[in-house]
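Accompanying notes for the structure given below.
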Amino acid sequence: MKQKIGLLESVAFSLIRQAVIYLPDDVKDSLKKACAEETSESGKRQLRTILANVALAERKQVPICQDTGTFSFYIKAGTQAENLGLVEEALVEATKKATLEIPLRPNAVDPFTQKNSGDNTGRFIPRVHWEIVDGDCLEITVMAKGGGSENASAVGLLVPSDGMKGLKRFVVDAVIKAGSQPCPPTILGVAVGGGADIAIDLAKKALLQPLDKPNPDLEIGGLERELLEAANMTGIGPMGLGGKTTVLGVHVDYAFRHPASYPVAVAFSCWASRRASARIHADGKVEYLTHKPQGGT
Amino acid sequence: MVTYQLRTPISEEDGRKLKVNDTVYLSGTVVTARDQAHRRALEFRKESKSLPVNLEGLAVFHCGPVVEKRQGNWVAVAAGPTTSTRMEAFEGEFIEAFKPRVIIGKGGMGKRTSDSMKKYGSVYCAFTGGAAVLAAQSIRRVVEVQWLDLGLPEAMWVFEVEKFGPLTVAIDACGNNLFADVSEMVERNRIQIYDKLGCS
Ligand code: SF4
């Protein structure tokens with residue numbers, strides 16, 4: 001039992017460390033491409049600075065951004081996987097340890113007393129999302145999200161008769177309203193349908209999709225491209241200083257909806273899009289899915 | 001677009017030379033201040049108390065750094081900018097009271113700040129949001145820390161920096177505001193985007 005929780009905790013710790021220090025390859029590649037293609041002088045300078053910062057963080061093995069965010073974990077638990085009851089405890093312990101040892105900025109505050117817990121944990125923080133799947137593996141994904149991008153999140157309960165038109169307008173408005181605040185270039189997670197809670201949940205989870213993996217559904221993939229193009233027509237540019245790179249990618253998801261409701265949600269990830277995943281097999285073998293085990297991508 | 005290497009204290013004359021879109025690499029003293037430090041500084045002013053650090057001609061940085069104590073000395077590990085709009089309510093009066101020459105942050109500031117900058121020859125510089133390691137690299141030394149009771153991120157950290165940048169001048173002392181210009185352009189583009197998407 002002790003051993004199992006030790007393994008879970010050390011994997012979760014490694015994932016947090018990978019996420020906050022090393023950007024995933026798809027995000028790095030996309031930033032490089034944007035830097036090469038950006039035509040605004042100040043925009044290009046921002047992207048160059050971002051890339052220099054990413055490289056320096058890797059070299060010095062320190063977090064990319066001082067806002068190391070709050071953590072969400074997404075778990076895919078095989079029905080045959082063991083020790084599922086220990087997972088949440090292990091994730092909390094790993095978060096505390098990471099805060100102290102990496103170190104991370106303590107970002108968990110009691111909304112009533114305004115007291116900071118000091119270790120990035122507290123009621124519902126880190127948030128753990130469960131999905132039960134076939135098999136005996138346990139897959140853990142961590143997402144670290146800063147305040148700047150989280151504050152730009154938007155949920156709208158639109159009029160169903162406005163349909164897709166309403167959705168597109170809502171997304172464009174959200175990008176414009178967010179402006180420079182979520183540290184563009186950003187990645188957008190967009191979800192339509194469900195209740196408000198389902199929509200924002202799916203939108204946030206969509207941010208875990210790699211940038212080089214558009215939605216295989218042709219219609220949804222087309223909407224992703226259309227929204228990406230529209231967002232980049234705003235001219236907000238890197239850091240809001242003007243330019244054609246405002247958004248690096250858009251991921252769309254959906255749920256069925258009540259006939260009277262048309263919820264649309266937009267979640268933003270800043271350019272420092274921090275995520276990492278690993279699969280723990282029944283025999284204890286650990287497979288890192290987004291980064292190499294030492295940390296590098 | 002000119003690139004400047006500046007060292008604090010920066011004179012009003014030099015401050016007025018800077019124009020939007022210029023690039024600055026800053027050396028000398030940079031002092032962090034977020035919402036709470038701004039609020040307390042203005043309270044000090046009301047009570048005619050002087051600040052623990054004289055800010056005249058220096059740079060004020062909207063930043064809550066990650067700091068670590070190594071062998072008894074503070075070290076800045078990551079020090080990127082925070083969103084400056086939160087300080088908009090204070091900055092105009094703050095500049096008037098303490099005369100910092102440069103305000104550094106991300107996301108831009110508004111009319112009240114810009115008016116004050118015009119009057120006192122100060123500028124606002126944007127530093128790339130999230131580029132915290134690059135910023136920390138230019139911090140040679142943590143000179144001192146004041147108001148630690150506000151918490152680590154909100155305290156007033158006095159940094160000695162060498163070639164901190166690239167900073168982009170985004171509000172100059174002539175009343176130009178790059179972020180306001182971009183916003184205006186974005187508003188014009190909004191209509192075109194609606195048209196293209198067929199949702200106007
Ligand atoms: S929005 Fe992202 S990159 Fe910008 S300061 Fe926050 S965490 Fe860092």
Side-chain angles (χ1 to χ4, degrees), chain A residues 41-42 45-50 52-57 59-60 62-68 103-106 116 146-148 151 162 164-173 176 179-184 226-227 229-231 233-243 246 270-272, chain B residues 1 3 20-23 63-68 76-86 105-108 126-137 151-154 165-170 178-179 181-190 192-200:
Chain A
E41 204 34 64
S42 51
R45 191 187 311 139
Q46 299 307 312
L47 291 165
R48 260 195 235 117
T49 308
I50 287 171
N53 186 74
V54 169
L56 191 64
R59 212 175 68 223
K60 299 182 81 166
V62 294
I64 304 165
C65 179
Q66 80 285 347
D67 184 354
T68 41
L104 308 174
R105 200 170 79 184
N116 193 319
N151 287 347
D162 285 351
M164 273 297 140
K165 270 190 186 177
L167 175 145
K168 290 174 188 173
R169 197 179 166 121
F170 185 78
V171 173
V172 170
D173 288 349
I176 291 179
S180 60
Q181 183 191 289
C183 285
E226 196 182 3
L227 291 173
E229 220 172 277
M233 272 176 74
T234 58
I236 294 168
M239 293 301 142
L241 285 161
T246 305
C270 53
W271 65 261
Chain B
M1 278 189 232
T3 299
V20 287
N21 262 321
D22 285 346
T23 304
C63 165
V66 178
V67 285
E68 221 180 358
V77 180
T82 190
T83 302
S84 297
T85 28
R86 290 202 317 277
K106 76 170 174 103
F127 184 61
T128 311
V133 194
L134 214 61
Q137 164 126 314
L152 289 182
E154 299 284 342
L167 308 171
T168 303
V169 179
L178 206 56
F179 284 96
D181 294 351
V182 172
S183 291
E184 255 174 52
M185 176 193 66
V186 170
E187 274 317 313
R188 287 196 302 273
N189 292 341
R190 186 200 296 261
Q192 280 182 22
I193 300 172
Y194 286 168
D195 279 349
K196 184 158 185 274
L197 294 173
C199 58
S200 35

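Chain letters run A, B, ... following the sequence lines, proteins first and then strands; every chain starts at 1.
Counting heavy-atom pairs closer than 4.5 Å to chain B, the top-ranked of the candidates A/Ile236, A/Leu56, A/Leu104, A/Asp67 is A/Leu56. Contact count against chain A (heavy-atom pairs under 4.5 Å) is highest for B/Ala131 among B/Ala78, B/Ala131, B/Gly165. Counting heavy-atom pairs closer than 4.5 Å to chain A, the top residue among B/Pro166, B/Ser183, B/Gly108 is B/Pro166. Residue with the most contacts toward chain A among B/Asp181, B/Thr83, B/Thr23, B/Leu197: B/Leu197 (heavy-atom pairs, distance under 4.5 Å). In terms of non-hydrogen atom pairs under 4.5 Å with chain B, the most contact-rich of A/Val172, A/Val62, A/Leu241 is A/Leu241. Counting heavy-atom pairs under 4.5 Å between each of B/Gln192, B/Glu187, B/Gln137 and chain A puts B/Gln137 at the top.
Considering only residues two or more places apart in sequence or on other chains, A/Arg48 meets the salt bridge (Lys or Arg N to Asp or Glu O under 4.0 Å) condition with none of them. The salt bridge (Lys or Arg N to Asp or Glu O under 4.0 Å) search around A/Asp173 returns B/Arg190, not counting sequence neighbours.
Between A/Trp271 and A/Pro184, the closest heavy-atom pair is CD1-O, 4.5 Å.
Although no hydrogens or angles enter the test, the distance criterion places a donor-acceptor pair under 3.5 Å between the side chain of B/Ser84 and the main chain of B/Lys106. Looking at B/Asn189, its side chain does come within 3.5 Å of a backbone N or O of A/Met233 through a donor-acceptor pair.
With a 4.5 Å cut-off on non-hydrogen atoms, B/Ala79 touches chain A through its backbone but not through its side chain. Proximity to chain B is absent for every atom of A/Ala272, based on heavy atoms less than 4.5 angstrom apart. In this structure, chain A has a heavy atom under 4.5 Å from the side chain of B/Leu178, while its backbone stays farther away. Only the side chain of B/Val182 comes within less than 4.5 Å of a heavy atom of chain A; its backbone N, CA, C and O stay farther away.
Within the 4.5 Å cutoff, the side chain of A/Lys168 has no heavy atoms near those of the B/Ile193 side chain.
Within a 6.0 Å sphere centred on CD of B/Glu68, heavy atoms belonging to other residues, nucleotides or ligands number more than 12.
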